[in-house]
Trainee: 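Dropping the structure in here first, questions after.
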Amino acid sequence: MSSPTTTPSATAAVTRAEYCVIACAEAWRDNGEVLASPMGLVPSFGARLAKRTFSPDLLLTDGEAMLVGLDGSAEGWLPYRRHLTMVTGGRRHVMMGASQIDRFGNQNISCIGDWAQPARQLLGVRGAPVNTLNNPVSYWIPKHSTRVFVERVDMVSGVGYDRAEAAGVTRFHRLPRVVSDLGVFDFSGPDHAMHLVSLHPGVTVEQLRAATGFELDIPQEVPYTREPTPQELRLIREVIDPKGLRDREVRV
């Protein structure tokens with residue numbers, strides 16, 4: 001009897017983009033029944049992977065007004081008023097982007113340069129202040145560089161640990177994860193400074209330091225981001241993102 005054949009997609013080496021999907025999915029591990037609000041392709045794939053595997057209670061949304069199932073079909077209505085109730089009660093975990101982020105998690109998506117006369121106008125603060133003060137917020141940064149990981153953000157949109165503590169608004173404030181194309185970070189360093197959790201395979205500490213505009217808290221023994229299981233890899237490649245769109249967001 002001949003042995004079963006294996007498709008090339010199942011045996012190809014794990015890509016950097018796939019490690020990023022795994023790292024984003026891990027941000028929602030053990031979250032329970034909360035609304036996952038991913039912003040960006042890789043975080044969206046991560047949220048869907050988490051729900052299909054180790055976080056089945058996650059709620060997914062179409063980004064507008066509906067709760068959706070794994071296949072994208074509508075499962076319920078999510079009016080804006082109900083959405084805001086979830087936000088202000090800590091029942092949502094957002095993964096936002098960042099044009100700049102500093103060592104304490106202050107995020108900027110508003111402008112680059114002096115606020116009075118910026119060199120570049122970006123999105124504006126949008127919902128970042130409310131998000132960061134009322135429910136867990138993680139960040140996804142597809143291109144790790146000193147232009148993004150800065151000593152001091154030009155304008156605070158999302159609130160970091162130092163500012164939340166200074167203002168006394170820490171009840172729901174929590175920044176669980178930052179995921180970039182180089183590694184995974186949290187804020188367990190001294191005074192809630194950014195701490196390296198893991199490097200993606202193929203990335204060195206020296207490469208990470210050179211791409212970061214402030215001193216990271218780095219452990220003596222640095223682990224690598226975990227490998228996807230065969231089931232997770234199949235889901236990413238064949239079910240969640242069969243068109244390979246993840247590779248457009250993470251280019252190595």
Trainee: Got P43 and W140 here, is their nearest side-chain heavy-atom distance under 4.5 Å?
Mentor: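 SC-SC contact between P43 and W140 confirmed.
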Trainee: Hey, could you give me each pair passing side chain to side chain donor-acceptor pair (under 3.5 Å) that has a residue in residues 199-209? Not counting sequence neighbours.
Mentor: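 Sorted pair list: H200-T225.
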Trainee: How close do Q121 and S110 get, counting heavy atoms only, and between which atoms?
Mentor: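 Distance-wise, the nearest heavy atoms are NE2-O, 3.0 Å.
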Trainee: Ignoring hydrogens and geometry, is there a side-chain-to-backbone donor-acceptor pair from Q107 to G97 under 3.5 Å?
Mentor: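 Answer holds: yes.
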Trainee: Is R246 paired with D241 through a side-chain N to carboxylate O contact shorter than 4.0 Å?
Mentor: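 The answer is yes: the pair qualifies as a salt bridge.
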Trainee: For the pair Q100 (side chain) and V148 (backbone), establish whether a donor and an acceptor sit closer than 3.5 Å, ignoring hydrogens and angles.
Mentor: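 Side chain of Q100 to backbone of V148, a donor-acceptor pair under 3.5 Å: no, none is there.
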Trainee: When you measure from the side chain of N106 to the backbone of G160, do you find a donor-acceptor pair of N or O atoms at a distance under 3.5 Å?
Mentor: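 A pair under 3.5 Å: yes.
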Trainee: How many angstroms lie between CG in D102 and CG in D162, if you round to the nearest 0.5 Å?
Mentor: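 The distance works out to 6.5 Å.
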Trainee: Counting C-beta onward and ignoring hydrogens, is there a side-chain heavy-atom pair between W115 and D154 closer than 4.5 Å?
Mentor: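 A side-chain contact under 4.5 Å is absent here.
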Trainee: I'd like to check F185 versus V179 (side-chain heavy atoms, cut-off strictly below 4.5 Å). Are they in contact?
Mentor: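 No, side chains not in contact.
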Trainee: With hydrophobic residues grouped by side-chain heavy-atom distances under 4.5 Å, do L133 and V156 end up in a single group?
Mentor: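 No; V156 is not reachable from L133 via cluster members.
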Trainee: When rounded to the nearest 0.5 angstrom, what distance separates CD1 in I101 from CD1 in I109?
Mentor: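 The CD1 atom of I101 sits 11.5 Å away from the CD1 atom of I109.
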Trainee: Got a donor-acceptor contact below 3.5 angstrom from the E18 side chain to the T15 backbone?
Mentor: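 Pair found, side chain donor or acceptor close to backbone of T15.
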Trainee: Would one find more than 12 heavy atoms of other residues, nucleotides or ligands at under 6.0 Å from atom CZ of R226?
Mentor: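 More than 12 within 6.0 Å, yes.
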Trainee: Can you tell me how far the SG atom of C111 sits from the CE atom of M155, to the nearest 0.5 Å?
Mentor: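 With rounding to 0.5 Å, SG (C111) is 6.0 Å from CE (M155).
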Trainee: Do M194 and D217 have side-chain heavy atoms sitting under 4.5 Å apart?
Mentor: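 In short, these two side chains do not touch, never coming nearer than 4.5 Å.
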Trainee: Provide the full list of side chain to side chain donor-acceptor pair (under 3.5 Å) pairs with a residue in residues 178-189, sequence neighbours left out, each pair given once.
Mentor: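 Matches after skipping sequence neighbours: H144-S180, D186-S188.
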Trainee: Distance from I240 atom CD1 to S44 atom OG, nearest 0.5 Å?
Mentor: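 Answer for the CD1-OG pair, I240 versus S44, is 10.5 Å.
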Trainee: Could you check whether any side-chain heavy atom of E33 comes within less than 4.5 Å of a side-chain heavy atom of L58, counting everything from C-beta outward?
Mentor: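 The answer is no, as the side chains (C-beta and beyond) never meet within the 4.5 Å cut-off.
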Trainee: For D191, is the CG atom crowded, meaning more than 12 foreign heavy atoms sit under 6.0 Å from it?
Mentor: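 No, the 6.0 Å shell around CG holds no more than 12 heavy atoms from other groups.
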Trainee: Testing the basics here: between F172 and N134, what is the closest heavy-atom pair and its distance to 0.1 Å?
Mentor: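 It is CB-O, 3.4 Å.
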Trainee: Determine, step by step, whether Y161 and F104 satisfy the ring-ring contact (aromatic ring centres under 6.0 Å, His included) criterion, reporting the C-alpha distance in whole Å, the side-chain angles of both residues, the deciding distance to 0.1 Å, and the verdict.
Mentor: CA-CA 6 Å; Y161 277 99; F104 298 112; 8.7 Å; no
Trainee: What about L245 and L49, same hydrophobic cluster or not, with Ile/Leu/Val/Met/Phe/Trp/Tyr joined at side-chain heavy-atom distances under 4.5 Å?
Mentor: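 Yes, because L245 and L49 connect within a single hydrophobic cluster, where side-chain heavy atoms sit under 4.5 Å apart.
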Trainee: How about L59 and V34: do any of their side-chain heavy atoms sit closer than 4.5 Å?
Mentor: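 Of all side-chain heavy-atom pairs linking V34 with L59, none is under 4.5 Å.
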Trainee: Give a yes-or-no answer on whether the side chains of R92 and N131 include a donor-acceptor pair shorter than 3.5 Å.
Mentor: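 Yes, N131 and R92 have a side-chain donor paired with an acceptor closer than 3.5 Å.
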Trainee: Between the side chains of H93 and S138, is a donor N or O closer than 3.5 angstrom to an acceptor N or O?
Mentor: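 Yes, because at least one side-chain N or O of H93 sits under 3.5 Å from a partner of the opposite role on S138.
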Trainee: Is there a donor-acceptor contact under 3.5 Å from the side chain of E232 to the main chain of T229?
Mentor: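 It does hold such a pair.
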Trainee: Give a yes or no on whether Q117 atom CD has more than 12 heavy-atom contacts from other residues, nucleotides or ligands under 6.0 Å away.
Mentor: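 No, the 6.0 Å shell around CD holds no more than 12 heavy atoms from other groups.
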Trainee: For residues S55 and D30, report the shortest heavy-atom separation together with the two atoms involved.
Mentor: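 Looks like OG-N, 3.6 Å.
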Trainee: If every non-hydrogen atom of P228 is compared with every non-hydrogen atom of L233, which pair is closest and at what distance?
Mentor: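 Smallest heavy-atom distance, with atoms named: CG-CD1, 3.8 Å.
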Trainee: Closest heavy-atom contact between P201 and Y19?
Mentor: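 Closest approach of P201 to Y19, heavy atoms only: CG-CZ, 3.5 Å.
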Trainee: Would you give the length of the straight line joining atom CZ of F45 to atom SG of C24, rounded to the nearest 0.5 angstrom?
Mentor: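 Rounded to the nearest 0.5 Å, the CZ-SG separation comes out at 11.0 Å.
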Trainee: Minimum heavy-atom separation for G158 and Y139, please, with both atom names.
Mentor: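 Of all heavy-atom pairs spanning G158 and Y139, the closest is CA-OH, 4.0 Å.
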Trainee: Report yes if some heavy atom in the side chain of P219 is under 4.5 Å from a heavy atom in the side chain of H195; otherwise report no.
Mentor: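 Yes - at least one pair of side-chain heavy atoms lies under 4.5 Å apart.
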Trainee: Calculate, to the nearest 0.5 Å, the distance between atoms CG and OG1 belonging to L216 and T212 respectively.
Mentor: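 The OG1 atom of T212 is 4.5 Å from CG of L216, to the nearest 0.5 Å.
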Trainee: Under a single-linkage definition using a 4.5 Å side-chain heavy-atom cutoff for Ile, Leu, Val, Met, Phe, Trp and Tyr, are F214 and I141 assigned to the same hydrophobic cluster?
Mentor: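 Yes; I141 is reachable from F214 via cluster members.
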Trainee: Taking only residues two or more places apart in sequence, or in another chain, which ones meet R48 in a salt bridge (Lys or Arg N to Asp or Glu O under 4.0 Å)?
Mentor: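 Partners of R48 under the salt bridge (Lys or Arg N to Asp or Glu O under 4.0 Å) test: none.
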Trainee: Determine, stepwise, if the pair F54 / E26 fulfils side-chain contact (heavy atoms from CB on, under 4.5 Å).
Mentor: CA-CA 9 Å; F54 50 76; E26 285 288 344; 4.0 Å; yes
Trainee: Would you mind reporting whether E165 and H192 have side-chain heavy atoms less than 4.5 Å apart?
Mentor: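 The answer is yes, as the side chains (C-beta and beyond) meet within the 4.5 Å cut-off.
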Trainee: Starting from V250, can I reach V21 by hopping between I/L/V/M/F/W/Y residues whose side chains sit under 4.5 Å apart?
Mentor: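 Result: yes, single cluster for both.
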Trainee: side-chain contact (heavy atoms from CB on, under 4.5 Å) for V203 and R16? Distances and angles first, verdict last.
Mentor: CA-CA 10 Å; V203 180; R16 182 74 59 80; 3.6 Å; yes
Trainee: Indicate if V184 and L182 have the same hydrophobic cluster label, given that clusters are the connected sets of ILVMFWY residues with side-chain heavy-atom separations under 4.5 angstrom.
Mentor: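 Result: no, two separate clusters.
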Trainee: Determine whether I236 and R234 satisfy the following criterion, side-chain contact (heavy atoms from CB on, under 4.5 Å), listing intermediate values before the conclusion.
Mentor: CA-CA 5 Å; I236 293 171; R234 183 190 67 80; over 6 Å; no
